Amino acid sequence: MTDVSQPAGAPQTGALEAPEAAVAPFDFDVTIVGAGPVGLALAGWLARRSATQRLSIALIDARRPEDAQGDPRAIAVSQGSRMILEPLRWPADATAIHRIHVSQRGHFGRTLIDHTEHGLPALGYVLRYGSIVQALAEAVQPTSVHWFQSTSAQTPVQEHDGVTLPVQSGEVTRHLRTRILVNAEGGLFHEQQKSGSASGTRDYGQTALVGTVSVSAPRPHVAWERFTEQGPIALLPTGGARDADYALVWCCSPEEAARRAQLPDDAFLQELGAAFGDRMGRFTQIKGRAAFPLGLNALDTLVKGRIAAIGNAAQTLHPVAGQGLNLGLRDAHALADALSQHGPTPLALATFAQRRALDRRLTIRSTDTLARLFTVDFPALGTLRGLALTALEFVPPVKTALARQMMFGQRR
Ligand SMILES: Cc1cc2nc3c(=O)[nH]c(=O)nc-3n(C[C@H](O)[C@H](O)[C@H](O)COP(=O)(O)OP(=O)(O)OC[C@H]3O[C@@H](n4cnc5c(N)ncnc54)[C@H](O)[C@@H]3O)c2cc1C
């Protein structure tokens with residue numbers, strides 16, 4: 001699929017013409033820019049509901065879904081996200097997380113969160129970014145969504161009754177008219193235009209080094225989060241090589257990340273062992289190192305006129321608590337609900353923004369606090385953090401409330 005004249009999933013659409021189903025003078029009721037996991041999920045949910053509502057939907061991406069296969073990220077998807085994704089499609093290669101072990105290096109204090117405490121089959125699941133995109137693409141492809149692949153969206157122009165969006169594929173540029181435009185352009189902190197508000201932007205001065213490591217004494221279905229003076233280390237079970245493979249997310253200064261990215265494997269594994277400890281024996285292998293600069297970039301408002309933002313386009317978070325995609329999926333689900341309830345109208349967007357306010361605020365703040373609190377290395381703070389982790393063990397309602405916020409967010 002290479003150009004704007006031939007959208008995937010819309011064989012009835014002619015070259016650079018408005019599709020028959022569109023209501024003049026609009027080409028589409030809802031146009032989604034970005035077919036990452038969040039844009040795809042929105043397209044899928046809308047398509048299922050619009051079977052009865054006859055919404056015409058466009059989905060635009062500069063890339064093709066196959067391109068996501070090379071993305072090195074492993075993502076922890078919460079049980080709450082699984083519940084909303086399952087009616088669309090759930091990837092077959094998900095590895096369940098039954099227990100999360102949280103600790104800090106060089107200080108006392110640790111806490112355990114177990115799925116049995118919550119009466120759930122799992123706390124979450126580990127998935128490759130490419131698997132999520134592939135599964136959701138398979139859910140969207142057979143629907144009536146007009147999917148423009150290898151097509152870039154340019155700057156939109158708001159009008160009183162809709163939005164005009166220039167889109168380009170190769171040499172061909174077309175101007176689409178849509179009633180509602182959804183910005184699901186996502187992206188990573190260092191690539192994004194910054195939100196422009198002081199409260200919404202923070203460079204953590206950290207880089208996440210990712211890769212797949214193998215260990216000599218695996219603990220199947222256990223995820224690990226270990227706070228060190230340089231930043232958190234997460235190890236997520238991937239189920240690979242008979243449970244010995246873990247996805248590593250090692251956050252540290254950009255300089256350290258650049259140095260570690262170049263280290264010979266043996267030296268890298270030794271440093272990782274010194275930072276993480278021997279809870280899973282020795283680290284025996286590292287594959288596919290890649291780096292992601294980290295920061296917070298959050299919009300103050302999700303809606304401007306007839307344009308709404310969801311997913312990383314609305315808020316890009318530090319991966320410390322594994323919340324970015326989970327929060328983005330809740331954005332998309334709430335927007336699908338509001339558009340189904342009120343149609344492609346400003347009322348739908350206002351309803352969406354109002355319903356998302358609390359969950360966004362809590363998740364952005366808690367992730368930002370965690371990213372900063374656990375990386376400042378004052379000895380007194382280490383003791384306080386140890387007390388906080390220990391206290392969680394002895395005050396089950398607080399631990400339960402925190403775990404449920406992480407898994408399900410706030411829904412209204
Ligand atoms: C190291 C790391 C680990 C992470 N771990 C977790 C985790 O454990 N749990 C979790 O919930 N989250 C995690 N995240 C966050 C998660 O990866 C993001 O929140 C998620 O990918 C956002 O999805 P998205 O669809 O909003 O954006 P993206 O995945 O960035 O997709 C955006 C899409 O838009 C397209 N696009 C962009 N601009 C245009 C344009 N102008 N025209 C056409 N198409 C365009 C792009 O091609 C892309 O396909 C992690 C992030 C990092 C960096």
Side-chain angles (χ1 to χ4, degrees), residues 4 31-43 58-68 71-78 80-82 85 97 100 124-130 132-133 136-137 147-156 165-169 176 181-193 204 206-211 223 225 231-236 238 247-251 257 289-298 309-332 363 367 406-407 409:
V4 269
T31 298
I32 305 161
V33 180
V38 173
L40 279 167
L42 175 63
L59 177 64
I60 296 170
D61 203 292
R63 303 186 301 181
R64 298 162 308 144
E66 306 84 89
D67 299 336
D71 193 296
R73 271 174 285 182
I75 309 271
V77 175
S78 70
S81 293
R82 176 176 181 155
L85 285 178
I97 300 173
I100 302 175
Y125 302 84
V126 183
L127 282 162
R128 291 275 156 205
Y129 180 93
I132 306 173
V133 168
L136 292 174
W147 189 346
F148 299 94
Q149 299 182 4
S150 305
T151 300
S152 296
Q154 321 281 315
T155 309
L165 180 71
V167 295
Q168 188 176 4
S169 176
L176 296 179
L181 181 67
V182 182
N183 175 1
E185 288 181 22
L188 300 165
F189 177 70
H190 63 294
E191 308 164 343
Q192 291 172 326
Q193 229 180 22
Y204 294 112
Q206 280 189 2
T207 292
L209 200 55
V210 305
E225 182 97 50
I233 301 174
L235 284 167
L236 305 173
T238 64
L248 167 72
V249 185
W250 190 356
C251 302
R289 279 174 258 181
F292 294 85
L294 302 178
L296 164 69
N297 196 21
I310 57 173
N312 266 31
Q315 63 273 317
T316 297
L317 309 182
H318 192 295
V320 60
Q323 289 295 301
L325 177 60
N326 293 300
L327 184 61
L329 291 171
R330 298 200 292 272
D331 290 342
T363 310
T367 300
M406 301 277 195
M407 282 187 286

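Nothing fancy with the numbering, it's 1 onward along the sequence. Keep in mind that this is a model prediction, so the values were computed, not measured. First listed ligand is number 1; within each ligand, the first listed atom is number 1.
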- prompt: Can you find an N/O atom of Leu325 closer than 3.5 Å to an N/O atom of ligand 1?
  reply: yes
- prompt: Any idea which part of Leu327 is under 4.0 Å from ligand 1, heavy-atom wise: side chain, backbone, both or neither?
  reply: neither
- prompt: Quick one: does Thr316 get a heavy atom under 4.0 Å from ligand 1?
  reply: no
- request: First locate atom OG1 of Thr31, then atom CG of Asn183, and finally report the distance between them rounded to the nearest 0.5 Å.
  value: 12.5 Å
message: Minimum distance, heavy atoms only, to atom 6 (C) of ligand 1: which one of Leu294, Leu165, Ile75, Leu248 is it?
response: Ile75
task: Measure the distances from the heavy atoms of Tyr129 to every atom of ligand 1 and state whether one is below 4.0 angstrom.
output: yes
query: Under 4.0 Å from any heavy atom of Gly324, which atoms of ligand 1 are there?
result: 10 (C), 11 (O), 12 (N), 19 (O)
task: Run down the list Ala314, Ala74, Ser150 and name the one with the heavy atom closest to atom 5 (N) of ligand 1.
output: Ala74
task: Provide, to 0.1 Å, the distance between atom 27 (O) of ligand 1 and the closest protein heavy atom, together with that atom's residue and name.
output: Gly186 CA, 3.3 Å
statement: When distances are taken from atom 44 (N) of ligand 1, the protein heavy atom at minimum range is Ala62 N, 3.0 Å
query: Where's the contact between Pro319 and ligand 1, heavy-atom distance under 4.0 Å: side chain, backbone, both or neither?
result: side chain
- prompt: To the nearest 0.1 Å, how far is atom 49 (O) of ligand 1 from its closest protein heavy atom, and which atom is that?
  reply: Asp61 OD2, 2.8 Å
task: Could you say whether the N/O atoms of Val249 and ligand 1 ever approach to under 3.5 Å?
output: no
Closest contact, heavy atoms only, Gln315 versus Asp331: NE2-OD2, 2.8 Å
message: Show me which atoms of ligand 1 lie under 4.0 Å from any heavy atom of Ala153.
response: 40 (C), 41 (N), 42 (N), 43 (C)
message: Quick check against the 3.5 Å criterion: does Asp71 have a side-chain atom that pairs as donor or acceptor with the backbone of Tyr129?
response: no
task: Output the distance between atom CG (Leu136) and atom CG (Leu85), rounded to the nearest 0.5 Å.
output: 6.0 Å
Numbered atoms and elements of ligand 1 in range of Arg63, under 4.0 angstrom, heavy atoms: 47 (O), 48 (C), 49 (O)
- request: Run down the list Val38, Leu209, Leu59, Asp331 and name the one with the heavy atom closest to atom 25 (O) of ligand 1.
  value: Val38
message: Can you tell me how far apart CG (Leu317) and CG (Leu296) are? Round to the nearest 0.5 Å.
response: 6.5 Å
message: Using 0.5 Å steps for rounding, measure from the CG atom of Leu325 to the CZ atom of Arg330.
response: 10.0 Å
Flag side-chain contact, heavy atom, 4.5 Å: Leu40 against Leu59: yes
message: Does any part of the side chain of Phe148, heavy atoms only, come nearer than 4.5 Å to the side chain of Val167, both counted from C-beta?
response: no
message: Below 4.0 Å, non-hydrogen atoms only: which portion of Arg73 touches ligand 1? Side chain, backbone, both or neither.
response: side chain
query: Is there side-chain contact between Leu248 and Ile233, with at least one heavy-atom pair below 4.5 Å?
result: yes
query: How far does CZ of Phe189 sit from CG of Leu294, to the nearest 0.5 angstrom?
result: 9.0 Å
- prompt: So, do Ile60 and Leu165 sit near enough that their side-chain heavy atoms are less than 4.5 Å apart?
  reply: yes
- prompt: Which value, rounded to the nearest 0.5 Å, describes the distance between Ile310 atom CD1 and Leu42 atom CG?
  reply: 4.5 Å
- request: Tell me which one of Gln192, His318, Glu185 gets a heavy atom nearest to atom 39 (C) of ligand 1.
  value: Glu185
- request: For ligand 1, note which part of Val210 has a heavy atom under 4.0 Å away: side chain, backbone, both or neither.
  value: side chain
field: Main-chain N/O of Gly324 paired to Asn312 side chain as donor or acceptor, under 3.5 Å
entry: no
- prompt: Is Arg73 close to Pro319 at the side-chain level, that is, under 4.5 Å between some pair of heavy atoms?
  reply: no
- prompt: Touching ligand 1 at all, Gly328? Heavy atoms, strictly under 4.0 Å?
  reply: no
- prompt: For Pro72, does its backbone N or O pair with a side-chain atom of Arg128 as donor and acceptor, under 3.5 Å?
  reply: yes
- request: May I ask you to check whether Ala76 has an N/O atom sitting below 3.5 Å from an N/O atom of ligand 1?
  value: yes
- prompt: Numbering the atoms of ligand 1 from 1, which are under 4.0 Å from a heavy atom of Gly311?
  reply: 26 (O)
task: Any atoms of ligand 1 less than 4.0 Å from a non-hydrogen atom of Val33? List them with their elements.
output: 40 (C), 42 (N), 43 (C)
query: Between Gln193 and Asn297, is any pair of side-chain heavy atoms under 4.5 Å apart?
result: no
Ala184 and ligand 1 - part of the residue with a heavy-atom distance under 4.0 Å: backbone
- prompt: Is Gly322 in polar range of ligand 1, meaning some N or O pair under 3.5 Å apart?
  reply: yes
query: What's the shortest distance from atom 18 (C) of ligand 1 to any protein heavy atom, and which residue and atom give it?
result: Asn312 OD1, 3.3 Å
field: Taking atom 34 (O) of ligand 1 as the reference point, the nearest protein heavy atom with its distance
entry: Gly34 CA, 3.2 Å
message: Quick test of your reading of the structure: of Gly36, Ala35, Pro72, Gly187, whose heavy atom lies closest to atom 30 (O) of ligand 1?
response: Gly187
